[in-house]
Each structure stands twice: as structure tokens, then as C-alpha cells.
Amino acid sequence: MLKIHFSGEDILRTRVAPAADPVWELVLSLHVLQGRNRDPLTSAWRRTVTRGLRQDVASDQLRLLFALNPPRGYFPDFLTPYASVEGFEAGLEAVRSTPTSLLQRDLALVAADNQLPSSAAALARGDVATLRHLADSMEQYRSLAIGPYWSRIQSAVAADRTRRARALLDGGVEGLLASLRPRMRWDSGVLEVRDYPHSRELHLDGRGLLLVPSFFCAGTPVALLDPALPPVLVYPVDRLGGLAATDGDALATSSAGRDSLAALLGRTRAAVLEASDDGCTTGEVARRLNISPAAASQHATVLRNAGLLVSHRDRNTVLHTLTPLGRAVLDA
């Protein structure tokens, strides 16, 4: 179990990342791609990416990147720098600028349980060309495995941020931390991460915590090993039905999808869809549109069956947010 200790100052400085983190998603997707867990929500993505890697004549350039990210166990802290909260290019620049001392420490930890290619030795020495090569490999992999699916990844993370924002408004930061159950438990100033692979205690010491919602985080939240680095906790989000390179194709080609979309026609359901743009509970939909809660729930069910909404139950309320297809329909 991982126990994260908060002071009053830490609670004030805790926040949620502003969007999906492209570097964290890249690194964690490597673990999903190589892992044995065959999650049906990512199975089509795995097949497509694996096929693309086989066809790519430059795939050998990715060997070091894959070796540094085994499907289980430790992976280097330096590959997911704090700067990535500012975007992919900022994260890559931080990777290229990693101090040699951190490279040596992180690579030694990976090598303790994994066989690394010969290029890892040059990386450990801080060789500039090898660091640049590693960053280029990250860009190459991203264009194949992340770029075509980025809108759905962003939408899943945005939906989770809506949930956390409501928890924050209703209960402050402690309400936000309590909303992370069942994978985590907030109690008396300590956030406990269950099923963590190693027993650890992390004292934030007034730095606060950056919570990073992630599509490719598989089950157990992830924290950096080095307690001196800015504290980050990456946690999984609802994957909203999985990944598709072109959102809506499956829906458009299925008779059930056509029937569901046909049922959407009408002013009230369009209004329900619009009300859910920033997240809305069933009761709030009913009040905004001056309809009964039962009618609001029925309309939301039709929208959800059509793939336009996703609903999350939290105790006695159900929060509705848009899927990528729902947002595209609303924007159109």
C-alpha cells in the first residue's frame, strides 16, 4: 500500500492536471501494449499498433524506449518529467535535458530486473545523441500509437475532470480526494492507494500533490519513486467504451446504433445533450429543462445507449458527461 501524507498546506496545494498528459499517456501505453492483460477496451488499439510497428521499417529505433518500459515493475522517473503538464514538447525537452546523475540512478534500477540494449550504457553516460535519439523515438511512437486516438483520450480525461470538479465544489479538496475511491481511500490526512505493488510512505512536506487522470493507467495508480521530485499521482479514468481511430464508425455501421440515433430526434433530447456539455446530474437536467426526474433519466438513457453520453453514479446522484461522439454531435 502507498500512503501519502498531507498537511494543511498540502491540501491547499493539491490540484488536478489541466488535461490529459501526453507523455504519461505515451509511457503508460507502452506498458499496456506489452502487458499480458487483454483488456477488451484496448484490444483493437493493441492490434492496430502492433501491426503498425511490424510494418514500420524504423521500428528498431524503438528498442531502447520499449526496454526502458517493461510491462511490470519499475520504469524510469525521468521519462515522465513534471514539465509534461505544459504539453508534449515541454516534456520531451525535459527528457533531453535529464541530468546524468538521474539517468544513472534510474537506469540502474531498471537494469536490476531487466536486460537493456547496449545503447543504455551510452544513455547512462548522458550521451547527448542517445538522449536525442530516445526523444525522437518517443515522437515516432506517439505518431503511431497516441496521435490517432488523442481526441478520445482527451475526452475520457475531460469527463473525469468534470467529476473531480464537482467533488471539489461540493466538498473542497478533501471531497476531491474522497472521490477517488474505491482504488484510494482518504482518511484523516492520509490518502491510501490500495493494491500498490510496494509498501511506501510519501510525505508531501507542503508541496501539494498533482493528480493526473490517465486513460492508459491500468488499474493501480502510479507515483514517482523519487520522493524529491514534485509529487505526482497518476490514476485511471473510465475509458468511455475504449479506443477507435475514427470515433463513431462502429456506431454508424450498426443497426442498433442507427436506431438509437433515430430516437435522438427532438428538442428535449437535444437540450439534455447540451446540458451535459460541462457535466450535469439527472436532477440538474430536470430542473434546467423543467421536466420530471424520470423523464430526464429516460432521455439520458437513450443518449447513453446511442454512445453520446456516459453516466457515473456517485452515491445517490448520477453525473452525465459527453463522449467524443456526443461532443461532435453537439458541435455540429
Side-chain angles (χ1 to χ4, degrees), residues 1-7 10 13-17 21-35 64-85 90-117 120-121 123-126 130-131 134-135 138 177 180 183-185 190-214 216-236:
M1 179 182 292
L2 170 64
K3 292 185 177 182
I4 304 176
H5 296 265
F6 290 72
S7 65
D10 291 316
R13 293 184 174 179
T14 291
R15 63 259 186 234
V16 179
D21 187 304
V23 178
W24 271 106
E25 296 296 352
L26 184 157
V27 168
L28 292 176
S29 76
L30 285 162
H31 304 169
V32 173
L33 186 65
Q34 300 178 89
L64 178 59
L65 178 62
F66 273 77
L68 293 177
N69 288 280
R72 293 174 302 280
Y74 175 77
F75 60 96
D77 285 350
F78 80 86
L79 282 180
T80 52
Y82 192 84
S84 65
V85 73
L92 279 194
E93 184 56 36
V95 170
R96 296 186 191 99
S97 305
T98 305
T100 303
S101 58
L102 295 184
L103 292 169
Q104 291 175 343
R105 182 203 62 187
D106 287 2
L107 289 170
L109 290 171
V110 177
D113 297 311
N114 302 276
Q115 185 174 359
L116 297 180
L123 183 63
R125 295 193 300 269
T130 306
L131 266 171
L134 178 62
M138 294 173 72
L177 295 170
L180 297 170
R183 291 184 178 90
M184 293 174 265
R185 176 175 176 266
V190 178
L191 184 64
E192 298 178 346
V193 180
R194 299 173 177 178
D195 300 324
Y196 204 74
H198 306 288
S199 294
R200 288 181 54 196
E201 304 228 357
L202 175 60
H203 293 266
L204 300 178
D205 297 327
R207 296 172 294 173
L209 180 68
L210 178 65
L211 294 164
V212 180
S214 169
F216 279 107
C217 185
T220 303
V222 179
L224 299 173
L225 182 64
D226 187 352
L229 292 173
V232 171
L233 184 67
V234 184
Y235 65 92

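Values below: all heavy atoms of this structure, side chains included; hydrogens, waters and symmetry mates excluded.
The shortest side-chain heavy-atom distance between Leu191 and Leu2 does not fall under the 4.5 Å cut-off. Between Ile4 and Phe6 there is a side-chain heavy-atom pair separated by less than 4.5 Å. You'll find the side chain of Pro227 reaches within 4.5 Å of the side chain of Leu202, heavy atoms only. Contact check for Arg200 versus Lys3: no side-chain heavy atoms found under the 4.5 Å cut-off. Arg15 is listed as a side-chain neighbour of Leu210, based on a closest heavy-atom distance under 4.5 Å. Using a 4.5 Å cut-off on side-chain heavy atoms (C-beta onward), Leu116 and Val110 make contact. Arg125 has its side chain out of reach of Thr100: every pair of non-hydrogen atoms, C-beta onward, lies at least 4.5 Å apart. Between Pro230 and Arg207, the closest side-chain pair of non-hydrogen atoms is not below 4.5 Å.
Nearest heavy-atom pair, Thr220 versus Pro197, reported as atom, atom and distance to 0.1 Å: CG2-CD, 4.3 Å. Listed here is the closest heavy atom pair of Cys217 and Pro236: O-CB, 3.2 Å. The two residues Pro221 and Met184 come nearest to each other via the heavy atoms CG-CE, 3.8 Å. Residue Leu211 comes nearest to Tyr235 through the heavy atom pair CB-CE2, 3.9 Å, listed as atom of the first residue, atom of the second, then distance. Across every non-hydrogen atom of Ala135 and Arg96, the tightest pair is CB-NE, 3.6 Å. The two atoms that bring Asp10 and Gly206 nearest to each other are OD1-N, 2.7 Å, heavy atoms only.
Panel note: side chain Gln104, backbone Leu123; no donor-acceptor pair is recorded below 3.5 Å. In this structure a side-chain-to-backbone donor-acceptor pair under 3.5 Å is missing from Arg185 to Arg194. Panel note: side chain Asp77, backbone Leu225; a donor-acceptor pair is recorded below 3.5 Å.
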Checklist entry - How far apart are the C-alpha atoms of Leu134 and Leu79, what are their side-chain angles, what is the distance that settles it, and do they pass the side-chain contact (heavy atoms from CB on, under 4.5 Å) test? => result CA-CA 10 Å; Leu134 178 62; Leu79 282 180; 3.9 Å; yes
Item to check | Candidate pair Tyr74 and Asp106, rule side-chain hydrogen bond (donor to acceptor under 3.5 Å, both in side chains), full reasoning | outcome: CA-CA 9 Å; Tyr74 175 77; Asp106 287 2; 3.1 Å; yes
Checklist entry - Please walk me through it: do Thr130 and Leu64 pass side-chain contact (heavy atoms from CB on, under 4.5 Å)? => result CA-CA 10 Å; Thr130 306; Leu64 178 59; 4.2 Å; yes
Checklist entry - Going through the distances and angles, do Leu28 and Ser214 end up as a side-chain contact (heavy atoms from CB on, under 4.5 Å)? => result CA-CA 9 Å; Leu28 292 176; Ser214 169; 3.5 Å; yes
Next on the checklist: Pair Ser84, Asp21 - check side-chain hydrogen bond (donor to acceptor under 3.5 Å, both in side chains), show working.
Outcome noted: CA-CA 7 Å; Ser84 65; Asp21 187 304; 2.7 Å; yes
Next on the checklist: One pair to check against side-chain contact (heavy atoms from CB on, under 4.5 Å): Leu229 and Tyr82. What are the steps and the verdict?
Outcome noted: CA-CA 8 Å; Leu229 292 173; Tyr82 192 84; over 6 Å; no
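Between the CG atom in Leu26 and the CG atom in Leu65 there is a gap of 6.5 Å [rounded to 0.5 Å]. In this structure, the separation between CG on Leu180 and CD on Glu192 is 13.0 Å, given to the nearest 0.5 Å. The CZ atom of Phe216 sits 6.5 Å away from the CD atom of Glu25 when rounded to the nearest 0.5 Å. In this structure, CZ on Phe66 lies 10.5 Å from NE2 on His31, to the nearest 0.5 angstrom.
The aromatic rings of Trp24 and Phe75 sit perpendicular, their planes meeting at an angle over 60°, well past the 30° parallel limit.
Just one residue in the list Leu107, Leu103, Leu102 forms a side chain to side chain contact (heavy atoms under 4.5 Å, CB included) with Arg105, and that residue is Leu102.
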